[in-house]
Amino acid sequence: MIEKPTRHFTDAAERSTPGRSTTVERIVRFVLPEKPKNWGSIAVSSAFAIAALALIASFQATLGNVPLVGALGGSAVIAFGVPESAMAKARSLFGGHAVACGVGIAVTSMLPESPWVGAIGVGCALGLMRLTATIHSPAGADPLLIAVTHGAWGRPMIVLVGGLLIISLLAHLRAAASRRAIGNR
């Protein structure tokens, strides 16, 4: 049987200890691959996401329980967590949801009610988002949610558009604040 070579720690106190990491150490490295560099930025991103979703939830409460808020939570994670990504840009944020909702509405109105309707809607929405360069992963939930609500899309669309406007506005405010903070250094 061939034994795997082990690396050794370079720390003087552990020079003779083989470098096999424990399961806990591997889990910690998986969960936290590197030390966060900017705790302030992380806190600000989280605060903006909380603010956006609290405003959306308040807006939603006036219209009744509308399930699209889940997809908006994913949009907030992208807009505030990775604002430099293509999916965080307005084209993908608004375009992805518009494409996916349009496909969801079309599919639910053309096909009989079935477990396949949502799946077909998501697949078609993905294809159309790729064709239009508007991929926004949280928008993939829109056709499913429209299928679950049996095509009742009026109130959900009001919440969706309002929610996207709130997320977009707060994302712009957060970006402006970041630029100012960087400029003041």
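Being a predicted model, the structure only gives us computed values, none of them experimental.
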> For the side chain of Ser109 and the backbone of Ile105, is there at least one donor-acceptor N/O pair under 3.5 Å apart?
Replying inline: yes

>> Strictly distance-based, threshold 3.5 Å: is any side-chain N or O of Ser46 a donor or acceptor partner for the main-chain N or O of Ile42?
In response: yes

What distance separates [X] [atom1] from [Y] [atom2], expressed to the nearest 0.5 Å?
X      : Y      : atom1 : atom2 : value
His97  : Leu160 : NE2   : CG    : 5.5 Å
Thr108 : Ile120 : OG1   : CD1   : 11.5 Å
Ile166 : Leu169 : CD1   : CG    : 8.5 Å
Leu126 : Ile135 : CG    : CD1   : 5.5 Å

Contact summary for [X] and [Y], nearest pair of heavy atoms:
X      : Y      : answer
Ala100 : Pro143 : O-CG, 3.4 Å
Cys101 : Met157 : SG-CE, 3.5 Å
Pro83  : Gly81  : CD-C, 3.4 Å
Phe80  : Ala52  : CE1-CB, 3.9 Å
Ala125 : Val103 : N-CG1, 3.7 Å
Leu93  : Ser75  : CD1-CB, 3.8 Å

Name all residues meeting the side-chain contact (heavy atoms from CB on, under 4.5 Å) criterion together with [X]; count only those two or more places apart in sequence or in a different chain, and write none if there are none.
X      : result
Ala79  : Ile167, Ala171
Ser137 : Ile78, Met87
Ile50  : none
Thr134 : Arg91, Val99, Met129, Thr132

Within one Ile-Leu-Val-Met-Phe-Trp-Tyr cluster: [X] and [Y], side-chain cutoff 4.5 Å:
X      : Y      : answer
Val161 : Leu55  : yes
Leu173 : Leu72  : yes
Phe48  : Leu164 : yes
Val44  : Leu53  : yes

> Are any non-hydrogen side-chain atoms of Phe94 and Leu165 less than 4.5 angstrom apart?
Replying inline: yes

>> Run the side-chain hydrogen bond (donor to acceptor under 3.5 Å, both in side chains) test against Glu84 and tell me which residues pass, sequence neighbours left out.
In response: none

> Which ILVMFWY residues are connected to Leu144, directly or by a chain of links, through side-chain heavy atoms under 4.5 Å apart?
Replying inline: Val122

